[in-house]
Amino acid sequence: MLYPKGFDLPPIPAKRYFAIGEVTELCAVKPHVLRYWEQEFPQLAPVKRRGNRRYYQRHEVKLIRHIRHLLHEEGFTISGARARLDQYGNGDVQDTPAQDDSHDTEKVIAWLTSELKEIRKILD
């Protein structure tokens, strides 16, 4: 499922490995895009198991989300995004604001709070 620009992606489950189908849902990109990004971003190297199946670790899912953010929302080119990731050293983007899971939680809480206030106004 591809999400519109600005839409929050689903939270990343607490698992060790993710199949390519799961990653496409979590990151809103198609499988062929993931395979292409593996060629373009050396930091992205999923484990390949029997039958050449790819398994991504949590940090790689976060990296894919960050790459998607750089390309689709900030307008970077592939080479520009690659250079931006190099600034973080080996693509370690876990501490960048775009990858902060608590940020998503804060958005949901703020939205719920505003919805509850609206409901309260209607009831009063």
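Side chains of Gln43 and Glu60 form no contact here, defined as non-hydrogen atoms less than 4.5 Å apart. Contact check for Leu9 versus Arg65: side-chain heavy atoms found under the 4.5 Å cut-off. Counting only heavy atoms from C-beta outward, the side chains of Phe41 and Leu63 never approach each other to under 4.5 Å. The shortest distance between side-chain heavy atoms of Ile67 and Phe76 does not fall below 4.5 Å. Looking only at side-chain heavy atoms (C-beta outward), Ile20 and Tyr55 stay at 4.5 Å or farther from each other.
Under the 6.0 Å distance and 45° angle rule, Arg58 does not count as a cation-pi partner of Phe18. The side-chain tip of Arg54 does not point at the ring of Tyr17 from less than 6.0 angstrom away and within 45° of straight on.
When all heavy atoms are compared, the tightest approach of Gln57 to Val47 is NE2-CG2, 4.0 Å.
Of the listed residues (Pro46, Pro13, Cys27), just one forms a side-chain contact (heavy atoms from CB on, under 4.5 Å) with Val61, and that residue is Cys27.
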N/O donor-acceptor pairs under 3.5 Å from side chains in residues 114-124, not counting sequence neighbours:
residue	atom	partner	partner atom	Å
Ser114	OG	Trp111	O	2.8

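Here the OH atom belonging to Tyr56 is positioned 9.5 Å from the OG1 atom belonging to Thr24, to the nearest 0.5 angstrom.
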side-chain contact (heavy atoms from CB on, under 4.5 Å) between Leu26 and Ile64, worked out: CA-CA 10 Å; Leu26 292 171; Ile64 292 165; over 6 Å; no

Test side-chain contact (heavy atoms from CB on, under 4.5 Å) applied to Trp37 and Leu71, step by step: CA-CA 11 Å; Trp37 286 355; Leu71 296 175; 3.4 Å; yes

Evaluation steps, side-chain contact (heavy atoms from CB on, under 4.5 Å), between Leu70 and Leu85: CA-CA 9 Å; Leu70 291 173; Leu85 289 176; 4.2 Å; yes

Tyr36/Ile78 under side-chain contact (heavy atoms from CB on, under 4.5 Å): CA gap, chis, key distance, verdict: CA-CA 11 Å; Tyr36 174 70; Ile78 294 281; 4.0 Å; yes

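Put simply, the side chain of Arg82 gets close to the backbone of Glu40: a donor and an acceptor are under 3.5 Å apart.
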